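These notes concern the structure reproduced below.
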Amino acid sequence: MHISSKRNKITLSLGEKKCIMFKGVIGCYMHFYKLFELKCVLAVCVHNHPIMIKIRLGFFFIYIFFYLVKCFPLSQIELISDACLCDVTQTGPSHDSLIDSTANMFHRCTWMTVFKETWPRFSRPGISMSLVESKDGIQCFTFEHNRDYQQVQFKFLDAVESMDPNNFVVLLQLNPYHIDSLLQLSDVCRIQEDQETARDLIERALYSFECAFHPVFSLTSGTCRLDYCRPENRAFYLVLFKHMIFLEKRGCPRTALEYCKLILSLDPDNDPLCMLLIFDFLCLRCREYTTLIRLYEEWEVHRNLSQLPNFSFSVALSYYHLSQQEDISPVENQQLKQKSNVLLQNALIMFPGALMPLLDLCTVQPDAVVSSHAFFGPSSQIGQPPALLELVSLYVGRCHSLWKEAGLMLWLEENVRKGLKRVDSQDPYLEDCQNKRKQRYQSAPRNIHRHVLMSEIKEATATLPLEVTTQPGMGFDPLPPLDSIVSYIRPERYDLNALKFSALYDTGLLMVF
């Protein structure tokens, strides 16, 4: 099969012409046969004639042939069925390249992303998913790598140690759907401010994962689990997280919220990426106030969400936005407004170190009475435990833009003054909050550090402890769990310089004095 550059037409070889003509002849013949058989049904003697039996037997084999033709995607025949009479030329792309280009038209339908024509031709990279166990309605799955993919993974680790991004490009040219290479190169492109390419690489990795899903694995049931301790599963978490961040930056917070729910449902008990630290932000961005309040009320008993600064402030903000809606009664409006005032005052008393950084990022000059007060002054920020400082900095750096809406600063100022009156009157809630701050925020768990690293919010990353910042960080696996479950081990690599030295010494070319 060739494309003529002169006429810009697609031409066929002699064998392909015969195949198309044979297919057309069979189709026409079958059509006339059905009409002929319909007429002969009324005539039994004719219908049972030996010649008629032979014709029916012949068409039995024709039906088999037609079934086989339908089983194979002869897309090149369908695309150029109107070009049977074109002249055969020797110019244009080869037959194999045209078949490769048309093969991209037939790809698996997916939910999370759509296959792009600019992507390389998809072939299974060697990733599969298996069901580990099913118990009490919960199904545990895991991704698996075959031998070929493991060899590519070893080459990827060699490329990481080389510290040369060009090696990732070469590796992806040979293995265009290798997940960790796509993740690492996406980070390189994002650092170089090539956001479009970075997002495209993440979508390609997401498509590769979805094509490997187990038939029973469901994105919406909420009963499917993936163990983050397995390195094969961690890449899926990271791809979903990065895709969620890209969606939010593109102005799609509602879709980003659904991805946040998906990541949280994969391991809600451990929450390895600490999605609760961004859940409230996405709910407020897409105005899903009732969703945030419902989660807060249902999980507060066993997760203590009120001890997270983001939930304390965001739930109060949700009640305030609900009170501003026009389709509620005056009584309900008053109840919601009162609820929001109490929650905001409690949040300010529990996390006093959040007020001044929040006003600073919102470019608001605080009142002299507030800035000079010991409760909200510099001492409130200096005396914060390390983990609390990290959480407060993360919330302020991520959510300060939500406080720039009209009317919110007036509402905040009103409740700051009421909160100071409660502080000056020695409200019993004040002592309770002081005890909690001293006892509960000495060190943050590993999943919070991992979330801060992946979020890349400068106000929060500056508060990370030294044991985190001094570790070599890799974008394809930030802060791996200490109890990782390794399914295969990388072969031992020898130092090439040491081997060369040994070879020279054994051959006598290197003299030791």
Side-chain angles (χ1 to χ4, degrees), residues 1 70-80 93-130 141-156 159 167-190 194-219 224 226 231-244 246-247 255 259 262 475-476:
M1 182 186 302
K70 292 177 66 177
C71 289
F72 293 93
L74 300 178
S75 56
Q76 66 272 25
I77 296 178
E78 297 174 1
L79 288 174
I80 54 177
S94 64
H95 178 270
D96 294 337
S97 63
L98 189 55
I99 291 179
D100 290 342
S101 63
T102 56
N104 281 332
M105 298 180 61
F106 299 91
H107 50 81
R108 180 174 176 176
C109 295
T110 53
W111 292 97
M112 294 188 293
T113 187
V114 180
F115 185 88
K116 298 180 181 179
E117 298 299 332
T118 56
W119 290 353
R121 181 181 180 182
F122 180 77
S123 59
R124 295 190 178 276
I127 302 178
S128 60
M129 177 184 280
S130 62
F141 296 87
T142 183
F143 286 100
E144 297 177 344
H145 298 166
N146 63 12
R147 290 183 177 273
D148 294 337
Y149 193 93
Q150 293 177 15
Q151 297 300 321
V152 178
Q153 187 71 12
F154 299 150
K155 295 178 182 179
F156 165 76
N167 292 332
F168 301 125
V169 178
V170 174
L171 187 62
L172 281 175
Q173 289 177 348
L174 301 176
N175 307 275
Y177 290 90
H178 180 253
I179 303 298
D180 287 348
S181 298
L182 293 170
L183 280 169
Q184 197 71 16
L185 189 59
S186 175
D187 287 342
V188 174
C189 295
R190 182 174 47 79
D194 188 359
Q195 301 293 333
E196 186 67 27
T197 303
R199 183 173 66 249
D200 185 77
L201 293 172
I202 293 299
E203 292 178 358
R204 196 198 302 181
L206 193 61
Y207 178 82
S208 180
F209 267 125
E210 191 169 0
C211 289
F213 280 174
H214 191 276
V216 186
F217 184 80
S218 174
L219 296 171
C224 297
L226 284 174
E232 297 87 348
N233 297 338
R234 290 204 285 267
F236 184 58
Y237 277 90
L238 300 179
V239 168
L240 289 176
F241 187 92
K242 293 178 182 294
H243 187 59
M244 177 194 67
F246 280 125
L247 287 171
T255 307
Y259 275 93
L262 171 60
F476 67 94

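What you see is a predicted model, and the numbers here were worked out from it, not measured in a lab.
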For [X], salt bridge (Lys or Arg N to Asp or Glu O under 4.0 Å) partners two or more places apart:
| X | value |
| --- | --- |
| Arg204 | none |
| Arg190 | Asp187, Glu456 |
| Glu203 | Lys116, Arg250 |

Can you list the residues that meet the side chain to side chain donor-acceptor pair (under 3.5 Å) rule with [X], with sequence neighbours excluded?
| X | result |
| --- | --- |
| Thr113 | none |
| Glu232 | Ser487 |
| His145 | Tyr488 |
| Ser181 | His178 |

Tell me every residue that passes side-chain contact (heavy atoms from CB on, under 4.5 Å) with [X], counting only those two or more places apart in sequence or in another chain.
| X | answer |
| --- | --- |
| Gln173 | Val169 |
| Asn167 | Ala159, Ser162, Asp164 |
| Asp194 | Cys189, Glu196, Thr197 |
| Ser208 | Phe122, Pro125, Tyr177, Ile179 |

Over all heavy atoms of both residues, which pair between Val239 and Ala205 is shortest? Give the atoms and the distance, please. CG2-CB, 4.0 Å
Please determine whether side-chain contact (heavy atoms from CB on, under 4.5 Å) holds for the pair Arg234 and Phe476, giving the CA-CA distance in whole Å, both sets of side-chain angles, and the decisive distance to 0.1 Å. CA-CA 9 Å; Arg234 290 204 285 267; Phe476 67 94; over 6 Å; no
Please list every donor-acceptor pair under 3.5 Å in which a side-chain atom of residues 212-219 meets a protein atom from a residue at least two apart or in another chain.
unit_1, atom_1, unit_2, atom_2, d
His214, ND1, Val216, N, 3.0
Ser218, OG, Thr220, N, 3.3
Ser218, OG, Ser221, N, 3.2

[X] [atom1] to [Y] [atom2] distance, which is reported to the nearest 0.5 Å:
| X | Y | atom1 | atom2 | result |
| --- | --- | --- | --- | --- |
| Lys242 | Leu206 | NZ | CG | 13.5 Å |
| Leu262 | Tyr237 | CG | OH | 9.0 Å |
| Thr142 | Asn233 | OG1 | CG | 4.0 Å |
| Asn175 | Asp148 | CG | CG | 9.5 Å |

Are the side chain of Tyr207 and the backbone N or O of Thr110 linked by a donor-acceptor pair below 3.5 Å? no
Closer than 3.5 angstrom, by distance alone: can the side chain of Glu144 be matched with the main-chain N or O of Ser130 as a donor-acceptor pair? no
Is there side-chain contact between Leu183 and Ile202, with heavy atoms separated by less than 4.5 Å? yes
From the options Trp111, Phe236, Phe141, select the one residue that forms a ring-ring contact (aromatic ring centres under 6.0 Å, His included) with Phe209. Phe236
When the ring centroid of Phe168 is compared with that of Phe156, is the distance short of 6.0 Å? yes
